[in-house]
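Okay, so here's the structure we're looking at.
Reminder, nothing fancy here: chain letters follow the sequence lines and each chain counts from 1.
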Protein chains: 2
Amino acid sequence: MADTASPVTEACPIVEVLDHVAGKWAIGILVAAAHGPVRFTALEREVEGISRRMLTLTLRKLERDGLLVRTVYPTVPPRVEYTLTDIARELHQTLVGLTSWAEKHRGTIAEARRSYDRHSATP
Amino acid sequence: MADTASPVTEACPIVEVLDHVAGKWAIGILVAAAHGPVRFTALEREVEGISRRMLTLTLRKLERDGLLVRTVYPTVPPRVEYTLTDIARELHQTLVGLTSWAEKHRGTIAEARRSYDRHSATP
DNA sequence: CCGGATCCGGGAAGATACTG
DNA sequence: CAGTATCTTCCCGGATCCGG
C-alpha cells in the first residue's frame, strides 16, 4: 500500500484492465445499470448521447470481461436485461468515489482550464 | 486543443472530466507522481512503455486541468518538476481503490475473457 | 534535459440502413 | 425490441527529427 516504489510500472496488467473501463461509455453504462437489471432501450435513454452501435459494442466488451450478465427472455417482442456482476458492483463503489470527486471539483477544473487557456493564448 | 463542445459533454460534465483522467496514461502518471515532486525523466522511467510525446501531452493535459503543477528551474541543464495539486491528491485516493480493484480481480477478468472467447469461437 | 513539430497508421466512434 | 452491417471520419499514439 504505502510502498515507496509503486508497482505501476511492472508489466502493467492493471492498466490493461483499466483501459477497458476507461472507454468513453463504459463508466456511464456501469453507473446506469447499477441500480438493477436494465433493458437495452433503458440504457439507450439513460446514457444520453450514446449511439446504438457504441452501446452494443461496449455492452459486449463489459460482458466479455465478466462485468455484465446478459439475460435473454425468449418473448415477443424480445427482451434483454443487463445486470452487474459482483465484481462490477465492487467496481461501481470506487466509481462512485470517482464521480463524486468529479462533481466536487468540476468547477475548479473548468476554472483552471480557462486560466490555462487564457495564459497560453497567442495574441 | 480547442475542445469542441460535443452534445454529450454538455449534458454530463462529469463524463467530460473523467474522460481526461481516463486517458491511457493519466492514471499511471498520477500514481507515479503521487509520492512527491518528480522530474520528467523520472516519469519516463517509472511509467514504463510511455513515449516522450505521450508523456508531454498527458502532462500538459493534467496541468491544464489543474491536477499537476509544473515548476521550471532555470538551471543548466534545465530541470522541470511536476507536483500533484490538492485535488489531484484527493483523486489519487480514489485511484488507489480503482487499482486495487483491478489487481484483485484481474485474474477473474482474464478468465472471464478466455471463457467468453472460447464460447464465441467460430468452428 | 525537456521538450516541440511533423508524418502516418490503426482503432474508436458517428451516421445510416437493414433484420429477426 | 434489440440488435447488425457498412462506410467514413477523427484523433490517439508511435516514430522520427529538430530546438532551447
Side-chain angles (χ1 to χ4, degrees), chain A residues 12 15-16 18-29 32-33 37-65 68-83 116 119-120 122, chain B residues 1-12 15-16 18-29 32-33 37-64 68-83 120 122:
Chain A
C12 267
V15 169
E16 181 191 5
L18 291 183
D19 257 9
H20 289 197
V21 177
K24 187 175 181 181
W25 302 107
I27 292 181
I29 289 178
V38 183
R39 303 185 59 172
F40 188 87
T41 21
L43 284 172
E44 203 177 356
R45 262 182 288 108
E46 282 196 63
V47 186
E48 215 150 336
I50 196 172
S51 65
R52 253 201 184 84
R53 186 182 119 89
M54 286 320 294
L55 181 53
T56 301
L57 288 179
T58 312
L59 285 173
R60 289 290 173 275
K61 205 163 77 173
L62 292 173
E63 187 195 356
R64 186 171 107 103
D65 282 2
L68 284 183
V69 174
R70 180 169 175 269
T71 313
V72 183
Y73 297 94
T75 60
V76 178
R79 176 173 148 218
V80 179
E81 282 183 352
Y82 293 91
T83 314
Y116 184 95
H119 177 268
S120 63
T122 59
Chain B
M1 290 297 202
D3 203 10
T4 54
S6 88
V8 182
T9 53
E10 276 178 28
C12 195
V15 170
E16 181 191 6
L18 291 184
D19 257 9
H20 289 196
V21 178
K24 186 175 179 181
W25 302 106
I27 293 180
I29 289 178
V38 183
R39 302 186 59 172
F40 187 86
T41 18
L43 285 172
E44 204 177 355
R45 263 182 288 109
E46 280 197 64
V47 187
E48 215 149 336
I50 196 172
S51 65
R52 245 197 179 71
R53 185 180 122 91
M54 287 320 294
L55 181 54
T56 301
L57 288 180
T58 312
L59 285 173
R60 290 291 170 274
K61 206 163 76 173
L62 293 173
E63 188 194 357
R64 187 171 106 103
L68 284 183
V69 174
R70 181 170 174 267
T71 313
V72 183
Y73 298 94
T75 60
V76 178
R79 175 173 149 216
V80 180
E81 283 185 353
Y82 294 89
T83 314
S120 63
T122 57

Grab the N/O contacts between the protein and nucleotides 13-20 of chain D below 3.5 Å, and write none if there aren't any.
| residue | atom | partner | partner atom | Å |
| --- | --- | --- | --- | --- |
| D:dG13 | N7 | B:Arg53 | NH2 | 2.2 |
| D:dG14 | OP2 | B:Ser51 | OG | 3.1 |
| D:dG14 | N7 | B:Arg53 | NE | 3.3 |
| D:dG14 | O6 | B:Arg53 | NE | 3.2 |

Query raised in the report: Could you give the CG-to-C1' distance, from B:Leu59 to C:dC2, as a whole number of Å?
Result: 11 Å
Query raised in the report: Less than 4.5 Å apart, any side-chain heavy atom of A:Phe40 and any of A:Leu59?
Result: yes
Report summary line: Between A:Arg70 and A:Val80 the two heavy atoms that sit nearest each other are CG-CG1, 3.7 Å
Query raised in the report: Atom CD of A:Glu48 and atom C1' of C:dG14: how far apart are they, to the nearest Å?
Result: 17 Å
Report task. Could you tell me the separation between the CD atom of A:Glu63 and the P atom of D:dA2, rounded to a whole number of Å? Result -> 15 Å
Requested in this report: Mind listing the closest non-hydrogen atom pair of B:Val38 and B:Ala32 along with its distance?
Outcome: CG2-O, 3.9 Å
Report summary line: Separation of C:dG3 atom P from B:Ile29 atom CD1, nearest Å, is 11 Å
**Report entry** Spacing of A:Arg79 atom CZ relative to D:dG3 atom P, expressed in whole Å
**Finding:** 13 Å
Report task. List the atom of A:Arg39, the atom of A:Pro78, and the distance in Å for their closest heavy-atom pair. Result -> NH2-O, 3.8 Å
Query raised in the report: Are side-chain heavy atoms of B:Glu63 and B:Arg60 found at a separation under 4.5 Å?
Result: yes
Query raised in the report: Would a 4.5 Å heavy-atom cut-off, applied to side chains only, mark B:Val47 and B:Leu55 as touching?
Result: no
Query raised in the report: Whole Å only: how far is the CZ atom of A:Phe40 from the C1' atom of C:dT19?
Result: 14 Å
Query - OP1 or OP2 of D:dC1 under 4.0 Å from side-chain N/O of A:Arg39 - result: no
Query raised in the report: Looking at the side chain of A:Thr56, which of D:dA2, C:dG3, D:dT4 is the nearest nucleotide?
Result: D:dT4
Report task. Take the protein atom CZ of A:Arg60 and the nucleotide atom P of D:dA2, then report the distance between them rounded to whole Å. Result -> 12 Å
Query raised in the report: Are OP1 or OP2 of C:dG3 and a side-chain N or O of B:Arg70 less than 4.0 angstrom apart?
Result: yes
Report task. Return the value, rounded to whole Å, for the distance between atom CD of B:Glu44 and atom P of C:dC2. Result -> 9 Å
Report task. Indicate, with a heavy-atom threshold strictly under 4.0 Å, whether B:Tyr82 touches base, sugar-phosphate, or nothing. Result -> sugar-phosphate
Query - Minimum heavy-atom distance B:Pro74-B:Val72, with the two atoms named - result: CD-O, 3.6 Å
